[in-house]
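The structure under discussion appears below in the form of structure tokens.
Counting starts at 1 for both ligands and their atoms, in listed order. Throughout, residue positions are numbered sequentially from 1 according to the sequence presented. Model, not experiment: these values are computed from the prediction.
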Amino acid sequence: MCFKNGCFQNMNFPYFWLELLLPLVAALDFNYHHQEGMEAFLKTVAQNYSSITHLHSIGKSVKGRNLWVLVVGRFPKEHRIGIPEFKYVANMHGDETVGRELLLHLIDYLVTNDGKDPEITNLINSTRIHIMPSMNPDGFEAVKKPDCYYSIGRENYNRYDLNRNFPDAFEYNNVSRQPETLAVMKWLKTETFVLSANLHGGALVASYPFDNGVQATGALSSRSLTPDDDVFQYLAHTYASRNPNMKKGDECKNKMNFPNGVTNGYSWYPLQGVKGQVFDQNGNPLPNVIVEVQDRKHICPYRTNKYGEYYLLLLPGSYIINVTVPGRDPHLTKVIIPEKSQNFSALKKDILLPFQGQLDSIPVSNPSCPMIPLYINSPSHSPATKPSLFLFLVTLLHIFFK
Ligand SMILES: *[C@@H]1O[C@H](CO)[C@@H](O)[C@H](O)[C@H]1NC(C)=O
Ligand SMILES: *[C@@H]1O[C@H](CO)[C@@H](O)[C@H](O)[C@H]1NC(C)=O
Ligand SMILES: *[C@@H]1O[C@H](CO)[C@@H](O)[C@H](O)[C@H]1NC(C)=O
Ligand SMILES: *[C@@H]1O[C@H](CO)[C@@H](O)[C@H](O)[C@H]1NC(C)=O
Ligand SMILES: *[C@@H]1O[C@H](CO)[C@@H](O)[C@H](O)[C@H]1NC(C)=O
Ligand SMILES: [Zn+2]
């Protein structure tokens, strides 16, 4: 199998391994799944594992195909305080098909190992995982023949590249927003996503943000870094280190050498830094409070959600957290993230502010995020590197095959 240039050379590649892997994944075969097959699989999983899954469509593609999201978690139907929300999106380029199948197999692996594998059980207990196997189902169906480079089906039905269709932090992106993009944008507002991964094809690499930038982010020195660069580099290195070929920087060699079984691609979950809720003196949770690590200025300041919750992804170390209610003095508090977290959970730290507030009493300052373009200086960027909205962009991978 070859991942180079974003496609399979042999659409039937996986049957060879079916026998070997059968005991692990009895329910899902190793073939490509068209919309109908994918839907059938997702619906059966939602039925067979109804207590830990929640299947919903976040909208429709141009051609009216459902954009399915399967949620896996101990409480799959709704957010629970203290449980971080994670999301995977694949196949936004319709011809980049591997991620779509990987996510279906990831679903299969998660649900069939709940209660059997302690690590998976713990993961399902402590994280709510949103999985969208295909953001571009029309593109996928349009793929005729894998020609391995910008094939038919990369774009959506209206010929828009969905990975260039989101608003951009650094430059004005006035392309016409497509139904798939609008559905995802709406979805993102319904949950407090803490971390995300987006699966592409075409290269064997874990890519972390930003995708473009300006002088202030370092774009002129050929990198464009986020305030959380340490965390993103750690995540990308951890991810890549679980894939020997990715780690070696290997390109396609046309040899099928999946070692036996599955690898642990989840080790990045335990990294969650610090989380908690912000309360007033009477114990009421405070939404819309800015919670930031001192000296890490984000494009959109992190704000507590409607439950007063915040989540900060941090590597072990000592940090000052700055909690700001508009119109009041910042509240500074020190946290020490231990080297080794005891369990899958982030350090929990609730913050009590010494005044009386009430739910929804804190105005959302307007605009809550800077208008674009973000920075005053706006050197030119390659149009090929316009970013998606997603926090963490992972490019191709054998997610759980080592
Ligand atoms: C659902 O359960 C049925 C009956 O046990 C089983 O035959 C089928 O393989 C399961 N499918 C999935 C996707 O879990
Ligand atoms: C996961 O949660 C279930 C139900 O709340 C509990 O019984 C179980 O002990 C937990 N398992 C782990 C490994 O955390
Ligand atoms: C987008 O902006 C460019 C330059 O500002 C302009 O030439 C183009 O017509 C605009 N396109 C749309 C769809 O508004
Ligand atoms: C805390 O954050 C607020 C708002 O983001 C900022 O104005 C203030 O300077 C920060 N204070 C410190 C000590 O970092
Ligand atoms: C896991 O860590 C969280 C946060 O530190 C803590 O509240 C919880 O009790 C821990 N659970 C176990 C089983 O140690
Ligand atoms: Zn892509």
Side-chain angles (χ1 to χ4, degrees), residues 3-7 51-52 72-76 80 82-83 89-100 102 110 113-128 134-136 139-140 143 148-151 153-156 160-166 180 197-205 207 211 227 266 269-270 278 288-304 310 312 319-334 342-345 351 353 362 365 368-370 384-388 390 393-397:
F3 290 122
K4 202 177 177 186
N5 294 334
C7 70
S51 72
I52 55 163
V72 183
R74 192 60 61 208
F75 308 100
R80 290 294 166 105
I83 297 187
V89 175
N91 195 214
M92 83 190 295
H93 287 140
D95 63 337
E96 295 170 8
T97 51
V98 183
R100 173 181 172 124
L102 285 175
L110 290 174
N113 281 287
D114 181 39
K116 294 187 183 132
D117 178 331
E119 197 173 14
I120 297 300
T121 309
N122 209 335
L123 185 63
I124 290 173
N125 279 10
S126 59
T127 314
R128 190 159 164 251
S134 179
M135 183 182 158
N136 186 1
F140 179 86
V143 175
C148 286
Y149 194 73
Y150 281 73
S151 5
R154 175 184 171 86
E155 297 160 343
N156 79 341
Y160 280 88
D161 183 332
L162 298 179
N163 201 27
R164 312 283 187 275
N165 202 244
F166 285 90
E180 294 87 352
N198 190 337
L199 278 58
H200 285 255
L204 194 59
V205 64
S207 163
D211 280 6
Y266 316 108
Y269 282 92
V278 179
N288 295 325
V289 176
I290 297 171
V291 181
E292 289 198 303
V293 174
Q294 201 172 8
D295 301 328
R296 290 191 181 207
K297 283 279 155 220
H298 292 91
I299 292 176
C300 297
Y302 293 151
R303 286 170 178 275
T304 52
Y310 74 93
L312 296 172
Y319 302 90
I320 307 282
I321 297 182
N322 176 353
V323 183
T324 312
V325 175
R328 291 180 185 265
D329 288 341
H331 174 94
L332 301 179
T333 181
K334 188 174 173 180
Q342 295 309 306
N343 50 33
F344 266 56
S345 182
I351 294 161
L353 298 180
I362 297 166
S365 66
S368 58
C369 290
T385 59
K386 273 199 187 163
S388 68
F390 301 98
L393 189 114
V394 173
T395 310
L396 217 263
L397 27 103

Can you name the N/O/S atom of [X] that is nearest the Zn ion (ligand 6)?
{"X": "H200", "answer": "ND1"}
{"X": "H93", "answer": "ND1"}
{"X": "E96", "answer": "OE1"}

Exercise for the section: Under 4.0 Å, heavy atoms only, figure out whether ligand 4 is touched by the backbone of K297, its side chain, both or neither. Expected result: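 The part of K297 near ligand 4 is the side chain, not the backbone.
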Closest protein heavy atom to [atom], given as residue, atom name and distance to 0.1 Å:
{"atom": "atom 4 (C) of ligand 4", "result": "T324 OG1, 3.6 Å"}
{"atom": "atom 6 (C) of ligand 2", "result": "N125 ND2, 4.1 Å"}
{"atom": "atom 12 (C) of ligand 4", "result": "N322 ND2, 3.2 Å"}

Handout entry: Heavy-atom protein neighbour under 4.0 angstrom from atom 2 (O) of ligand 2
Key =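 It does; a protein heavy atom is within 4.0 Å.
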Exercise for the section: Please check if a non-hydrogen protein atom sits closer than 4.0 Å to atom 14 (O) of ligand 2. Expected result: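 Flag for atom 14 (O) of ligand 2 set to true, protein heavy atom closer than 4.0 Å.
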Practice task
Would you mind listing which atoms of ligand 2 come within a distance below 4.0 Å of any non-hydrogen atom of R74?
Solution key: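 Once the distances to R74 are compared, the set is 2 (O).
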Problem - R100 NZ/CZ over F140 ring centroid, <6.0 Å and within 45° of normal - result: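 Yes, cation above the ring, under 6.0 Å and within 45°.
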Exercise for the section: Under 4.0 Å from a heavy atom of Q294: give me the atoms of ligand 4 that qualify, with their elements. Expected result: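 Contacts of ligand 4 toward Q294, numbered from 1: 12 (C), 13 (C), 14 (O).
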